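Remarks on the structure that follows.
Keep in mind the model is a prediction, meaning the values are calculated, not measured.
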Amino acid sequence: MNKYIPINKGNYSMETHEREMLFDKYRSEGWELEYRQYRDNWDKFPKSFYVNEYPLLVDLELSTLCNIKCPMCYTITDEFKNKIKTGFMDIDLFKIIIDEIGNKVPAIRLSLRGESTLHPDFIETIRYARSKGIKEISTLTNGSNLTESFIKKMVDAGIDWITISIDGIGKIYEKIRRPLKFKETLDKIKMLDRIKKERNLHKPVIKIQSIWPAIKENPESYYNLFSPIVDLIAFNPLIDYLSKDKDILYEKNFSCPQLYQRLVVGSDGNVMACSNDECGSNIIGNANNEKIKEIWHGEKLTKIRGIHKIDNGFLAIDVCKKCYIPRLTEDNETACVNGRKFIIKNYVNRTQKIGE
């Protein structure tokens with residue numbers, strides 16, 4: 001079956017090969033052999049359409065609430081506001097899920113649509129997951145809550161990987177990440193780096209990422225500012241999160257890799273077929289009354305996998321039609337950082353103007 005199954009599409013490294021290898025080395029510290037198998041399976045399972053006993057990653061959305069307003073974010077749309085009830089995941093539900101998947105699922109991510117660090121029991125979720133045998137605990141954050149005390153508590157609890165969204169530098173950042181201030185965010189990352197060095201730690205590994213149009217005028221300045229204090233720097237072309245695009249072109253014979261990699265549990269317990277279902281349009285189960293394993297092997301997700309095996313079958317599913325992963329890209333832009341050239345894979349017929 002000749003299928004287009006892109007692994008990790010949409011987020012692109014600005015790094016040297018050496019720094020990427022070091023990031024991987026630090027990320028795997030303490031579970032090297034299992035990590036290698038995990039990453040091999042991340043690539044292998046989708047390409048062989050293999051449904052493992054459990055997903056490789058479970059996204060646990062601790063919060064649908066966010067404390068900033070970005071002009072390109074789907075959380076500001078009327079559709080999101082009308083469909084999604086904002087709140088926090090119940091800590092008891094979180095523990096029930098972890099009790100089931102501990103020592104069975106290698107990795108969890110404590111974020112999806114909102115700001116995860118707003119959860120009142122954020123530190124406890126890390127500590128509990130670590131105690132139950134989860135090998136890699138990560139989160140995505142806007143960095144607003146990264147005080148010295150909070151950082152130390154995260155590190156003590158055992159978080160492995162923190163991704164911080166930093167769209168541009170200076171006034172560009174402040175225009176996008178309202179109402180955050182760039183210097184305050186930069187100082188927080190410096191403090192995180194200092195705490196790691198004082199404790200002689202490689203973890204948590206720190207990745208930062210930006211939308212491409214926020215740094216396209218000065219990618220080298222962005223990279224050189226942050227590379228001494230973080231482990232990995234990446235960017236992503238602007239996605240149609242505001243659902244404004246009409247003339248969408250797709251890759252031929254696309255089949256989604258996420259259907260064999262990860263399962264996504266919303267803050268209310270509703271389980272979505274993938275991490276790109278921003279408005280919960282395709283609910284395949286509910287963790288409040290179903291086991292993760294049951295949902296993973298359940299009728300609804302099995303049916304979606306079957307549809308994706310059909311040539312261009314994904315077009316029959318509305319949320320998949322709107323997703324960026326099957327969208328056609330073009331290598332129509334290049335950039336240079338410290339003499340290294342890299343290609344920008346923009347989506348065809350997708351503007352790179354923020355807020356459009």
Side-chain angles (χ1 to χ4, degrees), residues 10-15 63-81 84 86 111-118 139-147 150-151 162-193 206-230 232-245 276 278-279 324 332-337 342 344-347 349-356:
N11 194 251
Y12 303 106
S13 171
M14 296 175 68
E15 287 297 353
S63 171
T64 43
L65 292 168
C66 191
N67 55 346
I68 68 173
K69 302 294 181 184
C70 303
M72 69 290 182
C73 184
Y74 53 80
T75 61
I76 68 173
T77 64
D78 290 338
E79 183 183 12
F80 184 86
K81 292 175 182 177
I84 303 301
T86 55
S111 50
L112 187 65
R113 295 169 290 193
E115 173 53 41
S116 59
T117 62
L118 295 176
T139 197
L140 172 66
T141 177
N142 58 40
S144 58
N145 284 347
L146 298 184
T147 63
F150 196 83
I151 290 170
I162 302 170
T163 296
I164 308 171
S165 292
I166 303 179
D167 296 317
I169 57 179
K171 291 182 179 180
I172 294 176
Y173 171 88
E174 293 175 2
K175 185 178 180 180
I176 298 170
R177 294 260 144 191
R178 300 188 295 255
L180 303 183
K181 299 302 180 185
F182 181 72
K183 185 179 184 304
E184 292 177 4
T185 300
L186 179 61
D187 286 343
K188 287 172 181 177
I189 297 174
K190 288 179 178 178
M191 181 167 53
L192 178 49
D193 178 59
I206 307 302
K207 174 185 174 182
I208 65 165
Q209 60 188 28
S210 172
I211 53 173
W212 175 245
I215 61 171
K216 69 176 297 179
E217 301 302 326
N218 57 353
E220 191 167 279
S221 298
Y222 183 85
Y223 181 86
N224 289 341
L225 178 63
F226 286 105
S227 58
I229 54 174
V230 303
L232 196 76
I233 300 174
F235 69 93
N236 53 274
L238 197 59
I239 297 167
D240 183 29
Y241 275 142
L242 302 180
S243 298
K244 293 187 176 183
D245 291 0
N276 297 321
E278 296 91 16
C279 292
Y324 69 88
N332 63 347
E333 192 176 354
T334 60
C336 187
V337 171
F342 54 91
I344 316 302
K345 293 182 176 292
N346 286 316
Y347 303 104
N349 298 334
R350 164 98 281 264
T351 180
Q352 289 298 302
K353 294 181 180 179
I354 299 167
E356 296 184 15

Using a 3.5 Å distance criterion without hydrogens, assess whether the side chain of Gln209 forms a donor-acceptor pair with backbone atoms of Thr163. no

Between OG on residue Ser210 and CD1 on residue Ile166, distance to nearest 0.5 Å: 9.0 Å

For a 4.5 angstrom cut-off between non-hydrogen side-chain atoms, does Leu238 reach Thr351? no

Can you see which heavy atom on Asp245 is nearest to which on Arg350, and at what distance? OD2-NE, 2.7 Å

Classify the angle between the aromatic ring planes of Phe182 and Tyr173 as parallel (below 30°), tilted (30 to 60°) or perpendicular (above 60°). perpendicular

About how many Å separate CG of Asp187 and NZ of Lys181, when rounded to the nearest 0.5 Å? 14.0 Å

Output yes when a side-chain donor or acceptor of Arg178 lies under 3.5 Å from a complementary backbone atom of Lys175, and no otherwise. yes

Without hydrogens or angle criteria, can the side chains of Tyr347 and Gln352 be said to hold a donor-acceptor pair below 3.5 Å? no

After noting the C-alpha distance and the side-chain angles of Ser144 and Arg177, does the key distance pass the side chain to side chain contact (heavy atoms under 4.5 Å, CB included) rule? CA-CA 10 Å; Ser144 58; Arg177 294 260 144 191; over 6 Å; no

Partners of Glu333 by salt bridge (charged side-chain N to carboxylate O under 4.0 Å, His left out), sequence neighbours excluded? Lys216

About how many Å separate CG of Leu225 and CD1 of Ile215, when rounded to the nearest 0.5 Å? 11.5 Å

Compare all side-chain heavy atoms of Pro219 with those of Met14 and state whether any distance is below 4.5 angstrom. yes

Among Val337, Ile208, Ile233, find the one that has a side chain to side chain contact (heavy atoms under 4.5 Å, CB included) with Ser227. Ile233

Spatial distance of atom CZ (Arg113) from atom SG (Cys279) [nearest 0.5 Å]: 8.0 Å

If only side-chain N and O atoms count, and only distance matters, is there a donor-acceptor pair under 3.5 Å linking Glu115 with Asn67? no

Spell out, as yes or no, whether a donor-acceptor pair under 3.5 Å connects the side chain of Asp167 to the backbone of Ile211. yes

Hey, mind stepping through Leu146 and Ile164 against side chain to side chain contact (heavy atoms under 4.5 Å, CB included) and telling me if it holds? CA-CA 10 Å; Leu146 298 184; Ile164 308 171; 3.9 Å; yes

Distance, nearest 0.5 Å, that separates CD1 of Ile229 from CD1 of Ile206: 10.0 Å

Can you name the residues that form a salt bridge (charged side-chain N to carboxylate O under 4.0 Å, His left out) with Lys190, not counting sequence neighbours? none

Please check if the side chain of Ser116 supplies one atom and the backbone of Ser111 the other of a donor-acceptor pair under 3.5 Å. no

Among Ile162, Leu232, Val230, which residue meets the side chain to side chain contact (heavy atoms under 4.5 Å, CB included) test with Lys207? Leu232

For the pair Phe342 and Trp212, name the ring-plane relationship: parallel under 30°, tilted 30 to 60°, perpendicular over 60°. perpendicular

Residues Pro237 and Gly10: closest non-hydrogen pair is CD-O, 3.7 Å

Go through the structure and list residues passing ring-ring contact (aromatic ring centres under 6.0 Å, His included) with Tyr324, not counting sequence neighbours. none

When you compare the side chain of Cys70 with that of Asn142, does any pair of heavy atoms fall below 4.5 Å? no

Roughly how far, to the nearest 0.5 Å, is the CD1 atom of Ile189 from the CZ atom of Phe226? 5.0 Å

